[in-house]
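Scroll down for the structure; my scribbles are underneath it.
We count ligands from 1, going down the list as the structure has it; atoms in each ligand are counted the same way.
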Amino acid sequence: MEKIPAFCTQCRSRCGCIAHVEDGRLVEIAPDPDHPSGQKLCPKGRAAPELVYHKDRLTHPIRRISPKGETPARWQRISWDTALDEIATKLGEIRDAHGPEQVAFSVTTPSGTHMSDGIFWVERFIRGFGSPNNIYATEICNWHKDYVSRLTYGTDMGTPDHARSDCMLLWGHNPAATWLARSVEMQKAMKRGAKLIVVDPRAILYARRADCWLRLRPGTDQALALGLIHILLRDGAFDAAFTARWTNAAALVRDDTGDLLRDAAGGVLALGPDGGTVEYDAQARDWCGPVQLLGRAVVEGIACSTALSLLQDVVAPHDPASVAEETGVDQAALEQAAQMIGAAQALSYFAWNGVGQSRTASQTDRALSILYALTGHYGQPGGNVPGTAAPFNDISGLDLLSDAQKAKGLGRDARPMGSGNQGWVTARDVYRAASTQQPYPVRALVSFGGNLLAAQPDADAAKVAFHALELHVHADFFLNATAEYADIVLPAATSWERGGLRHGFDASLDGLRRVQLRPVVVEPVGESRSDVQIALALAERLSMADIMFGCDEEAGHAHLLEGSGVSLQALRAAPEGVQVAGEVPLRAHETHGFPTPSGLIEIYSEQIRRAGLTPLPVWRAEDMMLPPPGYPVRLSSAKSVTFCHSQHRNIASLRRLQPNPPLEMAPDVAEVRGIVDGDWVRVTTSKGRFIAQAKLSAAQVPGSVVAQHGWWVPGGKDAPYDASDAMAANINLAMDTDHCDPLTGSIPLRSGWCEVARL
Ligand SMILES: Nc1nc2c(c(=O)[nH]1)N[C@H]1C(S)=C(S)[C@@H](COP(=O)(O)OP(=O)(O)OC[C@H]3O[C@@H](n4cnc5c(=O)[nH]c(N)nc54)[C@H](O)[C@@H]3O)O[C@H]1N2
Ligand SMILES: Nc1nc2c(c(=O)[nH]1)N[C@H]1C(S)=C(S)[C@@H](COP(=O)(O)OP(=O)(O)OC[C@H]3O[C@@H](n4cnc5c(=O)[nH]c(N)nc54)[C@H](O)[C@@H]3O)O[C@H]1N2
Ligand code: SF4
Ligand SMILES: [Mo]
C-alpha cells in the first residue's frame, strides 16, 4: 500500500489528506492531521474511490450522432486528436471571422468541484482567447463577498482569524455542511470560549450551538444588518476611534449633490470639532486634526452632513421593533446580538450564499461590511484579515483580456461595475445572445464542467440557446443533463488522476501559509485528461502558446510561485506541502492604508453610486420580494454535506445518506396543509414547479420552506417520479430571473414565494 500526501479538491474545504493506493488503484483517503486543513474528512471525500472508478465515468471523447434534444442521446467514440482539431478549428474560425466574444465558455465552480486547482489555467485560456463571456455562477455565489466588499474595504471579506476571535458571526453560511476545515477552526474557537452569533432561517448545527441565533425570514438580511447598525449607533457601542481614524464616516457629504466634499486638490474633507473642515493627508494617511463623526455644517455656502450622520438617517427607520416585525427575528435576540457585537474584543465574520443569492446582495453586503467596519475589527488579530501569506503571481490571465474585449461582455451595459470586469457573465445573458443574436450571436459554447440545466434557472431558454449553437463542447467526468446537448463531450480526469498546485488553505491564517503541489495519485481512468491539458491542447492549436507559458504547466506554476520564496523543487520534495516563511499581514492598513480610492474604509461609497445604487445601503420597500397572490410561503434553498450542487447523486454511499430531494418545512406551513414528515409534495411558484419530500424542521423560521438544488436525476425507489421525468425535482425550474441585483446580476434564489401541496 502506497500512502500519498494529497488534498481533496471536491469542495471549498480542500482538506489535507493521505491517499491510499493499492496496485495502482485509489482505495481510500484518510485525514492528515498534520495538514492545516486535514483534521477531518466528510462523506464526499471518503467516497473518492467510488467517484474515480464509477461505471458511468466518461473514458474517451464522444460525438453526438442523434438530433439535439433527443433523449437519451446517441454517441460515437472519436479520438482526442479528432476532437481537439475540430474544436480548435471551429473556435479559430469564429474568432477570426466574428470575434472571440462570439465563443462563450462556462466553467464549473471551483468552490464545489475538482476545478479548484485547474481554474487559473482554464481562465487564462478563456481570457487569452479573448472571450469576455464566461458563465461562472459567481454572481449567485461569491461576488458579493469577494468584490462588493471591496467597495467598502478595498479588499475582500478577508479570512476570519478564528484562532484569535472571541466572538464569531456566521451570516447565511453553513460551514458544518460546506466547509469542514473552517468548521473545525470554529469548533476550536468555541472550545476556547469564543462566542457565536448565527444568522440563518434554519436550525443548522451552529444555530443550535450559538449563544445567539437570529432566525430571520429568508431575504430580509439587509433590514437585519441595518437594524444592528441602528443599535450600535444608538448605544454608541461601535469603535468610535477606529471609525473616525480609518473610515470616511466623518467625511462631509454635500446635501446638494451627494458628492463627498473635497478640497481643491481633490482630498476628502471631514467635519472638525469646531464645525470647520479637516483635510485628509493621503501621504501621511491621516486626518490633519481631530474629526467629528456626527454633525452637519455649511461650508462656503454648501450644506453638508457627515457620512455617519447620513448613515444614522438611513438606519433610523430600522429600530428594533420594526426590524423584528420585518425579519421575524426576536427583538431580545436582536438586542443581544448587537450587544455581543459591540462588546467583542476580537470579532470575525463570514457571510456567503445566504447573502449572495438575492436581488439586494450588493446592498446587503454593503450593510454588513459597514456594520463590521464600525466594530473596528477588520484586519485586526481575531478579526477578518485580508491578504495572503506571500506574494503569489496571478496567472489567471486577467491582464490578457483587453478593455475593448471586456467592454463587449454580455450584460456589461446593464451592469458596468459587475462581474463583467473579470469576464464573468450570467447564463441568461448568454442564452439570450445565442437565441436572439442580440447584441451579437453566441455561436459556440465550451464548458469545462458545470450543469447549467440543473444549477441555473431558465432551462427552457437554455435549450433554445443550445439548439442555436454552431458548436457545443462539454468536458466532464460524467454525461450530465447539460452535456447531453453538446456536440462533443470530452472525458475529464478527476483531481486524483492529475497533479495540482494550491497556494494557501484558507480555513485559517496559518493554513494560508501552506503551499502544496499535489502529486498524481493514480493514472487517469480511460483516456481522460485534465482540464489543464485540454485547455493547453486547444491553446496550442489556436497559436496561443506564447501567452500560455509555452503550454508548459510547470513554467506557469514556476511563475505563480516566483516571489513566494517557495520553489517547485521544494514542493516536489515535500508532497504534504511547505509553509511559506511569511505570514498574512495583520493591520496592513496601518502601513498601506486601505486600497480604496480614498485610502479609507468607505462607509459612504461614491463608487457604488456610480453603479446607480445609493451610496449608503438604503433598504427600499420595492426591493422586497412581495408574495404574488396564491404563493404565501417563503422559499429558499441550501446545500447539504452529502452532495455538491448537481453532483454525487450517482455515488451509492452518498445517495444512501440522502435518497430523496428534501424540502425542509417550518411546522406551521406543513400543519395547515396536512403535510407530515416523509410526504411527497409539489412546490409551485409563479414560474414553475418541482417535487420534493417533506422534512419537518421544528425550529425553522415560521412561514418558510427550504429546498436543496441540484436534483436532476431519477428518483429513489419510493419516489413518485421516474427516469423519464428526471428534472421533476429541479428547484431551478421554479426560480425567478426577472428581478436581479442591479450591480451584480444576482437573482433571488433565497427569497422566492411558493405554495406547497401534498402529492
Ligand atoms: N437554486 C439554487 N441554485 C444554485 C445554488 C443554490 O444554492 N440554489 N447554488 C449556486 C452556486 S453557489 C453555484 S457555485 C452553482 C454551481 O453550479 P455548477 O458549477 O454548474 O455545479 P454542478 O451543478 O455541480 O456541476 C458540476 C459538473 O461539473 C463536473 N465536474 C466536477 N469537477 C470537474 C472538473 O474538475 N472538471 C470538469 N471538466 N468537470 C468537473 C461534475 O461532474 C458536474 O457534472 O450553482 C448555483 N445554483
Ligand atoms: N457539501 C457541499 N459543500 C459545498 C458546496 C456544495 O454544494 N456542497 N458548494 C460550495 C460552493 S460553490 C459554495 S458557494 C459554498 C456555499 O456555502 P454556504 O454559504 O454555506 O451554502 P448554503 O448551504 O447554500 O447556504 C448557507 C446558509 O444560508 C441559509 N439561508 C437560506 N436563505 C437565507 C437567507 O435569506 N438569509 C440568510 N442569512 N441565510 C439564508 C441556509 O439555511 C444555509 O444554512 O459551499 C461550497 N461547499
Ligand atoms: S469537506 Fe470537501 S474537501 Fe473536505 S473531504 Fe469533504 S469534499 Fe473533500
Ligand atoms: Mo458557489
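- Regarding atom 19 (O) of ligand 2, its nearest protein heavy-atom neighbour is Asn353 N, 3.0 Å.
- Enclosure of atom NZ in Lys40 is not indicated, since only 12 or fewer non-hydrogen atoms of other residues, nucleotides or ligands lie within 6.0 angstrom.
- Below 30°, between 30° and 60°, or above 60°: for Tyr147 and Trp143 the angle between ring planes is below 30°, a parallel geometry.
- Looking at Lys44 against ligand 2, only its side chain comes within 4.0 Å, counting heavy atoms.
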Next on the checklist: What verdict does the side-chain contact (heavy atoms from CB on, under 4.5 Å) test give for Gln456 and Asn732, after you've listed the backbone C-alpha separation in whole Å, the side-chain angles of each residue and the deciding distance to 0.1 Å?
Outcome noted: CA-CA 6 Å; Gln456 299 268 356; Asn732 280 327; 5.5 Å; no

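- Between Asp117 and Arg518 there is a salt bridge, since a side-chain N of the basic residue sits under 4.0 Å from a carboxylate O of the acidic one.
- Only one option out of Thr375, Leu368, Ile370 pairs with Tyr372 in a side-chain contact (heavy atoms from CB on, under 4.5 Å); it is Thr375.
- Between Asp738 and Lys687 there is a salt bridge, since a side-chain N of the basic residue sits under 4.0 Å from a carboxylate O of the acidic one.
- Between Ser637 and ligand 2, no pair of N/O atoms sits closer than 3.5 Å.
- Here is the list of ligand 2 atoms found below 4.0 Å of a heavy atom in Ile204: 44 (O).
- For the pair Asp429 and Arg415, the salt-bridge criterion is met [side-chain N within less than 4.0 Å of a carboxylate O].
- When atom types are taken as modelled, the side chain of Asp458 and the backbone of Arg428 share no donor-acceptor pair closer than 3.5 angstrom.
- Closest to atom 36 (N) of ligand 2, if we only count protein heavy atoms, is Asp221 OD1, 2.8 Å.
- Here the options are Lys639, Gln658, Glu664, the test is side-chain hydrogen bond (donor to acceptor under 3.5 Å, both in side chains), and the partner is Gln708; only Gln658 passes.
- Atoms of ligand 2 found under 4.0 Å from any heavy atom of Val641, numbered from 1 in the order shown, are 1 (N).
- When Thr327, Asp200, Thr109 are checked for heavy-atom proximity to atom 29 (C) of ligand 2, Asp200 turns out nearest.
- Taking only nitrogen or oxygen atoms, main chain and side chain alike, Asn174 reaches within less than 3.5 Å of ligand 2.
- Contacts with ligand 2 closer than 4.0 Å are made by backbone heavy atoms (N, CA, C, O) of Ala177 only, the side chain lying farther away.
- Of the heavy atoms in Leu216, only side-chain atoms (C-beta onward) come closer than 4.0 Å to ligand 2.
- No donor-acceptor pair closer than 3.5 Å links the side chain of Ser369 to the backbone N or O of Ser149.
- Less than 4.0 angstrom separates some heavy atom of Gly219 from each of these atoms of ligand 2: 34 (C), 35 (O).
- Taking distances strictly below 2.8 Å, the protein N/O/S atoms close to atom 4 (Fe) of ligand 3 are Cys15 SG.
- In terms of modelled atom types and a separation under 3.5 Å, the side chain of Thr482 and the main chain of Leu453 share a donor-acceptor contact.
- At a heavy-atom cutoff of 4.0 Å, ligand 2 is contacted by no atom of Trp179, backbone or side chain.
- In this structure, Pro110 does not count as a contact residue of ligand 2, since none of its heavy atoms falls inside 4.0 Å of the ligand.
- A salt bridge links Lys188 to Glu185: one of the charged nitrogens lies within less than 4.0 Å of a carboxylate oxygen.
- Remark: side-chain polar atoms of Gln363 are not paired, donor with acceptor, to backbone N or O of Asp741 under 3.5 angstrom.
- Remark: ligand 2 atoms within the under-4.0 Å shell around heavy atoms of Trp171 are 38 (N).
- Here Cys141 has side-chain heavy atoms under 4.0 Å from ligand 2, and that is the only part of it that gets that close.
- Seen from the ring of Trp213, Arg208 does not count as a face-on cation partner, given the 6.0 Å and 45° thresholds.
- Scanning the protein for heavy atoms near atom 9 (N) of ligand 2, the closest one is His645 NE2, 3.1 Å.
- For ligand 2, the polar-atom distance check finds no N/O of Ala638 at less than 3.5 Å from any of the ligand's N/O atoms.
- Remark: Arg57 engages Glu497 in a salt bridge, criterion side-chain N to carboxylate O under 4.0 Å.
- The closest side-chain heavy-atom distance from Tyr349 to Met157 is below 4.5 Å.
- For Cys644, heavy-atom contacts with ligand 2 shorter than 4.0 Å involve the backbone as well as the side chain.
- If you look at Ser640 next to ligand 2, the close heavy atoms, those under 4.0 Å, all belong to the backbone.
- Panel note: side chain His162, backbone Ala189; no donor-acceptor pair is recorded below 3.5 Å.
- Shortest contact from atom 2 (C) of ligand 2 to any protein heavy atom: Phe643 O, 3.4 Å.
- Close approach of ligand 2 to Gly172 is summarised as follows: ligand atoms under 4.0 Å from at least one heavy atom of the residue are 19 (O), 26 (C), 27 (C), 28 (O), 37 (C), 38 (N), 39 (N).
- Looking only at protein heavy atoms, the nearest one to atom 24 (O) of ligand 2 is Arg750 NH2, 2.7 Å.
- Asn480 contributes a side-chain N or O that, together with a main-chain N or O of Gly450, makes up a donor-acceptor pair within less than 3.5 Å.
- Among all non-hydrogen protein atoms, the one lying nearest atom 10 (C) of ligand 2 is Ser111 O, 3.3 Å.
- Taking a cut-off of under 4.0 Å to the non-hydrogen atoms of Arg202, the atoms of ligand 2 that pass are 41 (C), 42 (O), 43 (C), 44 (O).
- Set against the non-hydrogen atoms of Pro218, the atoms of ligand 2 under 4.0 Å away are 34 (C), 35 (O).
- Inclusion of Trp352 in the set of residues having an N or O under 3.5 Å from an N or O of ligand 2 is not warranted.
- For the ring pair (Phe, Tyr, Trp, His ring centres under 6.0 Å) test with Phe350, the passing option among Trp179, Tyr206, Trp171 is Trp179; the others fail.
- Heavy-atom proximity to Pro201, at under 4.0 Å, picks out these atoms of ligand 2: 30 (N), 31 (C), 32 (N), 33 (C), 37 (C), 39 (N), 40 (C).
- His648 and Gln10 share a donor-acceptor pair across their side chains, judged by distance under 3.5 Å alone.
- Looking from atom 31 (C) of ligand 2 to the surrounding protein, the closest heavy atom is Ser636 OG, 3.1 Å.
- For atom 17 (O) of ligand 2, the closest non-hydrogen atom of the protein is Thr178 OG1, 3.3 Å.
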